[in-house]
Amino acid sequence: MASAQKIGVIGGDGTGPEVAAEGVKVLQAVAKLENIKFELTALDWGGDRYLKTGAALPEDGINQLRRFDAILLGAVGHPDVAPGILERKLLLDVRFGLDQYINLRPVKLFPGVETPLKDKGPADIDFIVVRENTEDLYCGAGGFMHKGTPHEVATQMAIYTRRGCERCIRYAFELTRKRNNPKGKKLTLVAKTNVLTIGHDLWWRTFKDVAEEYPDVQTDYNHVDACCMWIVKNPEFYDVIVTTNMFGDIITDLSGIIQGGMGVAAGGNINPEPGGTSMFEPMGGSAPKYTGTGKINPIAAINAVSMMLDQLGEPKAAARVMKAIMQVTGTKMKSQAAGKMGYTTSQVGDLVCEAL
Ligand code: IPM
Ligand code: MN
């Protein structure tokens, strides 16, 4: 029998632990049905730990995480910790430390879920964003001169490497091929080549070079500002989008809202290399005001579990969870908004387990 897959669960802050618990519930239920073995380890890392010890994760935290086959993260963000600290110390340090160079964000409108886009339905909203996850403005390079004076200077650099954009672009081409969209396999590069004529020239040339290896994939290019218009006007244009870290951050929130909002949207921070450890998260944040109220929507966390199963090489279990989610959103839940679901957080988790 195959050995157990090791999963680290970081509940994190606010409602993070509550939604992660529902994800774990569904993971355990599908594991039983599909005869997969998981060994779960809970890690109490996050804002509370930071307030007590001054560190969000232990000193050897990144090395501890390396031993896992995958990580499920609830949420990061504590009302008593200044913004930016936990984001960098937990989320970004893990992404960088484990070289999770892909941020994968499926944008799929589930049945029964409301979209703010008029006249658009599940057949129109079904694409996936491949966001580069280790470079660009997120690298932390830059600094201040004369800080706090009228002559203050601040620099914040975007760094792009050929290796960094090439591995991301190649992943996106492979994914487009694998998705095999019946409407046609199409990969759209989103950047700003008309202004960022250095960094995004590197992206553009790399995209063209890699495209030659994938003649079966149709390619397209959008400037990021135009892409924001098209996502709203014609989301059905898209199959797979590949983009830089900062632009990807922005367009995936825009995309998240057209798929029903943060109660639904999930993402994967992926290290696709053999032995790489990936981390999956609902996109909703820690929503402190809902902590402990049973109002928060766990669908996003369960969606993250489906993505995790796929990455762990369990596509059948992943599809089973996805189908169960769609049954619950399509036939049971009143809304995807916190407090308006018609069920509590844990009842939604139970419904998905029943639907499995
Ligand atoms: C996301 C988040 C993070 C990001 C923040 C919390 C650092 O917005 O995962 O999209 O900007 O990547
Ligand atoms: Mn974001």
Side-chain angles (χ1 to χ4, degrees), residues 10-16 19-20 23 45-47 50 56-57 61-62 65 70-108 127-142 156-160 164-165 168 171 190 224 227-228 231 241-271 277-288 296 300-301 303-305 307-308 311:
I10 308 176
D13 306 321
T15 51
V19 294
W45 303 355
Y50 176 80
L57 65 174
I62 299 294
L65 293 179
I71 304 157
L72 180 65
L73 172 66
V76 180
H78 194 291
D80 301 332
V81 181
I85 294 179
L86 296 171
E87 286 83 346
R88 182 147 289 277
K89 293 240 165 291
L90 217 160
L91 199 54
L92 296 182
D93 279 3
V94 173
R95 287 178 182 174
F96 286 39
L98 297 179
D99 203 19
Q100 295 166 337
Y101 60 86
I102 301 295
N103 192 325
L104 196 61
R105 298 282 306 268
V107 185
K108 185 175 168 65
F127 62 94
I128 185 157
V129 180
V130 176
R131 164 186 171 192
E132 200 287 322
N133 211 27
T134 55
E135 301 196 334
D136 196 8
L137 284 164
Y138 280 73
C139 63
Q156 184 97 51
M157 261 184 286
I159 294 182
Y160 307 99
C165 56
C168 176
Y171 179 92
V190 171
V224 64
C227 170
C228 290
I231 284 178
I241 289 175
V242 63
T243 191
T244 58
N245 204 345
M246 187 78 252
F247 290 170
D249 180 44
I250 298 164
I251 67 169
T252 54
D253 266 25
L254 178 65
S255 307
I257 207 72
I258 72 165
Q259 73 178 114
M262 293 300 155
V264 184
N269 301 278
I270 300 192
N271 177 334
T277 300
S278 302
M279 175 167 73
F280 299 84
E281 42 171 342
M283 301 317 302
S286 59
I296 199 80
N303 191 1
V305 163
M307 292 182 76
M308 180 168 89
Q311 184 66 28

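First listed ligand is number 1; within each ligand, the first listed atom is number 1.
- At least one side-chain heavy atom of Cys168 sits less than 4.5 Å from a side-chain heavy atom of Val130.
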Practice problem: Decide yes or no on side chain to side chain contact (heavy atoms under 4.5 Å, CB included) for Asp253 and Met262, but give the supporting numbers first. | Solution: CA-CA 8 Å; Asp253 266 25; Met262 293 300 155; 3.6 Å; yes
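- Using modelled atom types and a 3.5 Å distance limit, the side chains of Tyr160 and Asp136 yield a donor-acceptor pair.
- Shown here are the protein N/O/S atoms lying under 2.8 Å from the Mn ion (ligand 2), water excluded: Asp249 OD1.
- Judged by distance alone, the side chain of Glu135 and the main-chain N or O of Ala158 form no donor-acceptor pair under 3.5 Å.
- Listed by chain and number, residues touching ligand 1 at under 4.0 Å (heavy atoms only) are Glu87, Leu91, Arg95, Arg131, Tyr138, Asp249, Met283.
- Side chain of Asn103 to backbone of Asn133: no donor-acceptor contact under 3.5 angstrom is found.
- Remark: side-chain polar atoms of Asn271 are paired, donor with acceptor, to backbone N or O of Leu98 under 3.5 angstrom.
- At least one donor-acceptor pair closer than 3.5 Å links the side chain of Asp13 to the backbone N or O of Gly47.
- Distance alone, capped at 3.5 Å, places no donor-acceptor pair between the Ser286 side chain and the Gly14 backbone.
- No donor-acceptor pair under 3.5 Å is formed between the side chain of Asn303 and the backbone N or O of Ala265.
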